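Just so you know, these numbers use all the heavy atoms, side chains as well, and skip hydrogens, waters and symmetry mates. In this text the structure is predicted, and so the values were computed from the model without any measurement. Here is the naming used below: chain letters follow the sequence lines, and residue numbers restart at 1 for every chain.
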Number of protein chains: 2
Amino acid sequence: MKPTEQRILEAAGKLFSQQGFHATGMRAIARAAKVSLGTIYHHFKSKEEMLLALLRDEYEKRRKAIEELKEEGLPVSVMIQRIAELHFRLLLEEGPSLRPLAQSLRGLSPMAKRRALAMRQAFVNYLASLIAEGIERGQIRRCDPTIAAYAFLGMVESVSARALEGDEVAERIQRMGPRELAEIAWRALAPKPS
Amino acid sequence: MKPTEQRILEAAGKLFSQQGFHATGMRAIARAAKVSLGTIYHHFKSKEEMLLALLRDEYEKRRKAIEELKEEGLPVSVMIQRIAELHFRLLLEEGPSLRPLAQSLRGLSPMAKRRALAMRQAFVNYLASLIAEGIERGQIRRCDPTIAAYAFLGMVESVSARALEGDEVAERIQRMGPRELAEIAWRALAPKPS
DNA sequence: ACGCTCCTATCGAACGTTCGTTTTACAAAA
DNA sequence: TTTTGTAAAACGAACGTTCGATAGGAGCGT
């Protein structure tokens, strides 16, 4: 990708995730990327297209990382822990993170909302397919994979969002969050009898 | 409350949760409440104050409902199930629901954001205190109550948000969601050995 | 090397709209 | 007569987007 496009997209991602999509103006993006308004519209068709491009990148980044984890052939319990850690790492890195971006769906044009929702559901379905696979192999207890996937994603996002607040509670959660989440998720999904 | 104020607040809550705070204009609220712009500003100081009033009401509604549950003296496992059901019920009822409202924090003025965050944290701390109580009594395994509270809230919000999409998957989640969530949460928190 | 055209990237002004808010006006009640 | 509730017009600012101008390089026939 052209360096200018990348700079614009990075600036937009940062601002969208900090302030929200609707609260971020095109002029603020232009200022942060050190380009003019016209330049942005030369590279991107609209503000919504920028959000969709960012969402696509973020989901793809996570899907690829999980795919790599999968190829390591780890036990499911370890893999769950790794995915929780992955989410924390991506969230604490500079740059846009999925959760704030995905929260901007309301108020979008119907078409853009459809596309954004489809991306999220595709990612959750990917998680659900991993869970279903684990169930078939007896590594995960019998449960509804889709609901379990939404529950897992929701708990990770909720805890990691709190870890970004910047107070001392947030620091503690940054340290202990991945471990506690892995413990919770593994107990919730482990194939042991009730 | 004066019927006019109530009508305005209800209209604002509905629109905020449907379209998001920033995507909802004061004129749309006025139209939906069948009053004029001036009337809204006669009753509320600003748009932000309306959001904060709505948030306060929603959190209070949940806190009160949980308090009533607590007085029934049910076992923890049942209580967890009831709280999950409670969230689903409140979400599916017409009217604003906490999750979409609480997502509107970014882009608010610093003061309003502080107040809104404090409300959410107070509610999570209330959940955490319930969990800590359960731990002391040996009804819940030893864990970090705060992280567990955020994880629980996150998973319930995530699953119930999906239950609102309107397709056939959403219908299935509406039926099975509370039960599956209760199962997941209880396994995650049960005091049995690893 | 030169003029010439074409294409791409960039800029910043300007468009019309909508924003949240303020102000003015008016009617009914106290 | 003052207060209260409502309406509607108007305010300045910011919004997302479009547009015309400008600059620079690539390709090319001469």
Length of the NE2-P vector between His42(B) and dC26(C), whole Å:
18 Å
How many Å lie between CZ on Phe44(A) and C1' on dT10(C), as a whole number?
15 Å
For residues 23-35 of chain B, which residue pairs pass the side-chain hydrogen bond (donor to acceptor under 3.5 Å, both in side chains) check, not counting sequence neighbours?
Gln19(B)-Thr24(B)
Scoring nucleotides 12-21 of chain C by protein non-hydrogen atoms under 4.0 Å (B base, S sugar-phosphate only, - none) yields B-B----BBB
What I want to check is whether the side chains of Ser109(B) and Glu48(B) have a donor and an acceptor closer together than 3.5 Å.
yes
d(CD1, Ile40(A); P, dC19(D)) in whole Å
18 Å
Using the side-chain hydrogen bond (donor to acceptor under 3.5 Å, both in side chains) definition, which of the options Arg62(B), Glu67(B), Gln121(B), Arg63(B) pairs with Tyr126(B)?
Glu67(B)
Could you tell me the separation between the CD atom of Glu5(A) and the P atom of dT8(C), rounded to a whole number of Å?
13 Å
Just how far is it from atom CG of Leu189(A) to atom CZ of Phe152(A), taken to the nearest 0.5 Å?
8.0 Å
Are Glu183(A) and Arg179(A) close enough for a salt bridge, meaning some N to O gap below 4.0 Å?
no
Side chain to side chain contact (heavy atoms under 4.5 Å, CB included) involving Ala32(B) - partner list, sequence neighbours excluded:
Ala11(B), Leu15(B)
